[in-house]
Amino acid sequence: MSNEAVQTEQRRANLAAIQALGVEIYPHEFATTHTVSALVDTYDETPGEALEATRVETVTAGRILGVRSFGKAAFLVLSDGRQRLQVYLRKDALEARDYDLLRLLDMGDWVGVRGHLFRTKTNELSVWVSGLTFLSKCLVPLPEKWHGLSDVETRYRQRYLDLVVNPDTRRVFEVRSRTVAAIRTFLTSRGFLEVETPMMQPIAGGALARPFVTHHNALDMTLFLRIAPELYLKRLTVGGMERVFEINRNFRNEGISTQHNPEFTMLEFYWAYVNYQTLMAFTEDLLSTVAREAIGTDEFPFGEHTITMRAPFRRLSLREAAAAEASRKLGQTITAAMLRDRDAAAGVAAALGIEVHAGSGAGRIATEIFEALWEDQLMQPTFVYDFPTEVSPLSKQRADDPDTVERFELYIGGFEVANAFSELNDPDEQRRRFEHQLQGRAHGDLEAHAMDEDYIRALEYGLPPTGGEGIGIDRLVMLLSNSLSIRDVILFPLMRPRD
RNA sequence: GGGCCGGUAGCUCAGUGGUAGAGCACGUGACUUUUAAUCAUGUGGUCGAGGGUUCGAUCCCCUCCCGGCCCA
């Protein structure tokens with residue numbers, strides 16, 4: 001029999017013995033007066049004399065993560081998933097049945113204790129236990145107490161084990177929760193209305209990506225998991241919701257990497273009457289505020305870097321930055337104007353060893369040159385602005401330059417965190433953009449945007465001048481929690497089944 | 001999809017073409033202030049899966065599975 005099976009059998013025998021004591025082995029509730037965290041947070045600095053003087057009585061509970069057992073006494077370490085607290089049990093302070101129960105406990109079991117706070121000889125805050133309650137059994141041995149669980153595959157597949165033994169994992173998801181809460185507060189306090197729009201859409205629009213496909217049986221209808229909520233949120237702006245946002249999941253049927261999970265969480269917000277310049281300033285304010293509220297500072301480590309999330313962020317014009325870096329790399333003068341010419345841009349890309357698709361125009365080539373040359377240099381917050389119209393089918397053109405749209409992407413930590421633009425609200429121009437996308441689709445571009453007649457119809461009712469932005473929540477949390485893989489900020493990242 | 005790396009006890013990891021190792025965990029005994037408790041002692045293995053080479057494979061070769069990192 002395997003070691004694990006032996007240990008499970010022993011634990012089951014202990015459970016049976018506990019039941020034989022007349023103890024309820026799966027009780028329905030346990031009324032605590034404090035969580036372990038509350039006790040630690042409140043009394044961690046309180047001296048032993050003060051604890052004796054006030055005699056703090058408590059009832060608390062947690063999972064046993066440490067056992068130091070003596071002949072007629074024991075220390076248990078209880079965890080509430082966030083903090084750990086030592087409790088002290090001794091035979092002469094317990095009723096006989098509680099002492100019998102103590103001897104049948106295993107690492108990982110859930111228990112409740114009643115007692116008062118004190119400090120041990122070594123000055124550790126502890127509970128002097130006068131009553132012990134069994135709450136639930138751990139039938140399987142836990143990972144090792146000192147090294148914890150480091151096998152990343154097991155950490156992702158059995159996240160609960162990661163959470164039990166690795167306190168840092170819990171902290172990452174606390175940062176995530178505070179990040180989302182801070183964003184909600186920031187937006188709602190500025191008059192934005194939170195909404196929910198369809199996750200299943202008849203046309204997967206609002207971004208350039210391959211969708212997941214599903215089917216509705218009763219309506220006998222193909223549906224796509226959304227790749228973005230954008231077109232629905234703008235319909236709401238047509239309807240008069242002048243400030244609106246959604247925080248929810250998007251799904252993209254593409255590769256998995258340290259920065260991509262097939263489902264990921266996005267904030268999108270739309271703000272009537274403003275343009276992308278206003279959004280840049282707003283984004284600086286939003287992100288620095290969220291950082292301070294989520295982690296207490298707007299300057300934080302990310303890998304080997306220290307990121308300063310404080311206004312003003314650096315600003316780079318896409319074609320100018322691409323041209324400047326290409327000039328430096330190639331040792332010859334490349335101008336932004338050259339990147340507007342298809343043949344010249346393709347020549348620059350070829351010289352740089354960047355592959356160009358046959359269907360790509362100058363705008364797409366310029367964008368690919370920029371990404372290839374700059375992406376991993378964009379550690380500090382940087383707005384990359386003025387994208388080519390060709391790669392931006394939903395953005396509004398600059399009044400003075402129809403080949404360029406009022407759009408920016410925000411890069412931090414070497415990857416894209418936000419994407420924003422002045423929204424295209426001319427329905428006729430939108431139709432032309434969709435038609436151009438359809439040409440790309442006809443040439444095999446699986447990410448080209450589909451025609452959406454219903455959306456154009458909504459635009460025909462009139463979308464006011466509007467600025468809109470999407471912010472990748474997972475990537476923002478990666479930055480704020482110093483996590484180098486998106487899988488470390490998603491509780492249950494997609495994994496292939498093991499069998 | 002390509003390249004590189006990994007998969008050995010519940011966990012963290014060594015290791016070798018010839019009986020499979022350590023620490024933690026677990027069992028037993030001792031111990032009423034320890035904290036990676038200690039001391040003594042013992043149990044525990046589909047060496048990711050399949051095939052091949054070999055007298056003999058966890059080790060060498062091939063295929064596959066799972067994961068990580070990088071690239072596209």
Side-chain angles (χ1 to χ4, degrees), chain A residues 1-14 17 40 48 51-52 64-79 83-94 98-99 102-109 115 117-130 138-162 164-167 210 254-261 303 349 352-357 368 371-372 375-376 414-415 446-447 483-488 493-499:
Chain A
M1 188 156 39
S2 74
N3 184 275
E4 184 182 10
V6 168
Q7 293 197 39
T8 296
E9 194 166 85
Q10 289 160 355
R11 284 161 179 261
R12 284 189 179 279
N14 284 342
V40 173
L51 291 175
E52 278 185 33
I64 300 170
L65 289 188
V67 178
R68 294 182 286 277
S69 172
F70 298 83
K72 297 184 178 65
F75 294 92
L76 304 180
V77 178
L78 296 191
S79 165
Q83 297 275 20
R84 296 178 181 188
L85 177 66
Q86 174 172 275
V87 304
Y88 179 54
L89 304 97
R90 44 189 290 160
K91 187 175 187 179
D92 58 14
L94 294 170
D98 287 357
Y99 183 70
L102 169 63
R103 310 198 52 155
L104 294 168
L105 293 177
D106 289 300
M107 190 88 81
D109 289 356
L117 295 180
F118 76 111
R119 283 188 183 273
T120 63
K121 280 179 186 171
T122 52
N123 204 37
E124 171 141 351
L125 180 68
S126 307
V127 178
W128 185 284
V129 176
S130 53
C138 178
L139 291 169
V140 188
L142 288 177
E144 200 225 1
K145 63 184 177 185
W146 184 242
H147 297 93
L149 179 66
S150 60
D151 179 75
V152 289
E153 186 174 351
T154 309
R155 287 184 48 226
Y156 298 150
R157 287 187 192 278
Q158 293 177 272
R159 183 66 87 181
Y160 49 91
L161 287 182
D162 188 27
V164 167
V165 301
N166 294 334
R210 295 183 67 180
E254 295 168 354
I256 295 174
S257 78
T258 49
Q259 285 152 37
H260 299 83
N261 194 64
L352 290 163
I354 298 166
E355 197 178 332
V356 168
H357 293 94
E368 282 170 5
E371 287 175 358
E375 206 152 34
D376 57 357
F415 48 78
L446 297 168
E447 296 186 357
S483 302
L484 299 182
S485 169
I486 198 170
R487 296 182 139 195
D488 291 324
L494 184 67
M495 303 284 281
R496 229 184 260 273
R498 203 194 289 263
D499 294 317

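Every chain is numbered from 1, with letters handed out A, B, ... down the list of sequences. In what follows, every heavy atom counts, from backbone to side chain, and hydrogens, waters and symmetry copies are set aside. Note that the structure is a prediction, hence the values are computed from the model and not measured.
The pair A/Asp92-A/Lys72 fails the salt-bridge criterion, with no side-chain N (NZ, NE, NH1 or NH2) lying under 4.0 Å from an Asp/Glu carboxylate O.
Only the C1' atoms considered, B/C65 is 29 Å distant from B/A25, to the nearest whole Å. Look at the C1' atom in both B/U8 and B/G15: the space between them is 9 Å, to the nearest Å. For B/U58 and B/G7, the C1' atoms lie 12 Å apart once the distance is rounded to whole Å. Nucleotides B/A57 and B/G67 are separated by 25 Å at their C1' atoms, to the nearest Å. Taking atom C1' on both B/A9 and B/U46, the two are 12 Å apart, rounded to the nearest angstrom. Nucleotides B/C39 and B/C24 place their P atoms 9 Å apart, quoted to the nearest Å. One C1' atom belongs to B/G17, the other to B/A22, and the distance between them is 23 Å to the nearest Å. Look at the P atom in both B/G44 and B/U28: the space between them is 16 Å, to the nearest Å.
As rounded to whole Å, 10 Å separates atom P of B/U12 from atom CG of A/Asn166. One can place CD of A/Glu9 at 16 Å from P of B/C26, the figure rounded to the nearest angstrom. For the pair A/Leu161 CG and B/G10 P, the computed distance is 14 Å after rounding to whole Å. Following rounding to the nearest Å, A/Arg11 (CZ) and B/A25 (P) show an atom-to-atom distance of 12 Å. In this entry the distance linking CD of A/Glu355 with P of B/G1 reads 18 Å, nearest Å. Here the P atom of nucleotide B/A14 and the NE2 atom of A/His147 are 11 Å apart, to the nearest Å. Across the protein-nucleic acid pair, A/Arg68 atom CZ and B/A37 atom P stand 5 Å apart, rounded to whole Å. Here B/C70 presents its C1' atom at 12 Å from CD of A/Gln259, a figure rounded to the nearest Å.
Contacts of A/Gln7 with the nucleic acid, taken as non-hydrogen atoms under 4.0 Å apart, include base atoms. Using a 4.0 Å heavy-atom criterion, one finds that A/Asp151 contacts the sugar-phosphate atoms exclusively. Within the 4.0 angstrom heavy-atom criterion, no nucleotide atom of any strand lies near A/Gly66. Within the nucleic acid shown, A/Phe118 comes within 4.0 Å of at least one base atom, counting heavy atoms only.
In this structure, the separation between OG on A/Ser150 and CD on A/Glu144 is 9.5 Å, given to the nearest 0.5 Å.
Side-chain contact between A/Leu139 and A/Arg12 is present, with at least one heavy-atom pair separated by less than 4.5 Å. The shortest side-chain heavy-atom distance between A/Leu105 and A/Val67 does not fall under the 4.5 Å cut-off. A/Leu142 is listed as a side-chain neighbour of A/Leu65, based on a closest heavy-atom distance under 4.5 Å. Side-chain contact between A/Pro493 and A/Arg159 is present, with at least one heavy-atom pair separated by less than 4.5 Å. Two residues are said to be in side-chain contact when any heavy atoms from C-beta on lie closer than 4.5 Å; A/Gln86 and A/Thr120 meet this criterion. Looking at A/Glu447 and A/Arg210, their side chains come closer than 4.5 Å, going by heavy atoms from C-beta outward.
At B/U32, none of the side-chain N or O atoms of A/Arg90 fall inside 4.0 Å of OP1 or OP2 (strictly under the cut-off). In this model, the phosphate group of B/C70 is approached by a side-chain N or O of A/Thr258 to a distance below 4.0 Å at OP1 or OP2. Between A/Ser150 and the phosphate of B/C13, there is a side-chain N or O to OP1/OP2 separation shorter than 4.0 Å. Within the structure, a side-chain polar atom (N or O) of A/Lys145 is placed less than 4.0 Å from OP1 or OP2 of B/A25.
Checking B/U43, B/U12, B/U33 against the side-chain heavy atoms of A/Tyr88 singles out B/U33 as nearest. Closest contact between the side chain of A/Leu149 and the listed nucleotides B/U33, B/G10, B/C11 involves B/C11.
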Dump every N/O contact between nucleotides 64-67 of chain B and the protein below 3.5 Å, one line per pair.
| from | atom 1 | to | atom 2 | distance (Å) |
| --- | --- | --- | --- | --- |
| B/C66 | OP1 | A/Arg496 | NE | 3.1 |
| B/C66 | O3' | A/Arg157 | NH2 | 3.0 |
| B/C66 | O2' | A/Glu153 | OE1 | 3.3 |
| B/C66 | O2' | A/Glu153 | OE2 | 2.2 |
| B/C66 | O2' | A/Arg157 | NH2 | 3.3 |
| B/G67 | OP1 | A/Arg496 | N | 3.0 |
| B/G67 | O4' | A/Glu153 | OE1 | 3.1 |

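The base of B/U34 sits with one of its N or O atoms less than 3.5 Å from a complementary donor or acceptor on the side chain of A/Gln86. Between the side chain of A/Thr120 and the base of B/U34, a donor-acceptor pair under 3.5 Å is found.
Annotation for A/Gln158: atom CD counts as buried by contact number, over 12 foreign heavy atoms lying within 6.0 Å.
Between A/Pro141 and A/Thr8 the shortest heavy-atom distance is CD-OG1, 4.2 Å.
Ring geometry for A/Phe70 against A/Phe75 counts as perpendicular: the plane angle is over 60°, on a 0 to 90° scale with 30° as the lower cut.
Comparing A/Gly148 and A/Asn14 by the nucleotide of RNA chain B that holds the closest heavy atom to each, the one mapping nearer the 5' end is A/Gly148. Annotation: of the two residues near RNA chain B, A/Arg119 and A/Trp146, the 5′-most nearest-nucleotide partner is A/Arg119.
Evaluation of A/Phe75 against the base of B/U34 yields a stacking contact (centre distance < 5.5 Å, interplanar angle < 30°).
Stems are defined here as 3 or more consecutive Watson-Crick or G-U wobble pairs with pairing distances under 3.5 Å; those involving RNA chain B are B:1-7 with B:65-71, B:10-13 with B:21-24, B:26-30 with B:38-42, B:48-52 with B:60-64.
Between the A/Asn166 side chain and the A/Leu149 main chain, a donor and an acceptor come within less than 3.5 Å of each other.
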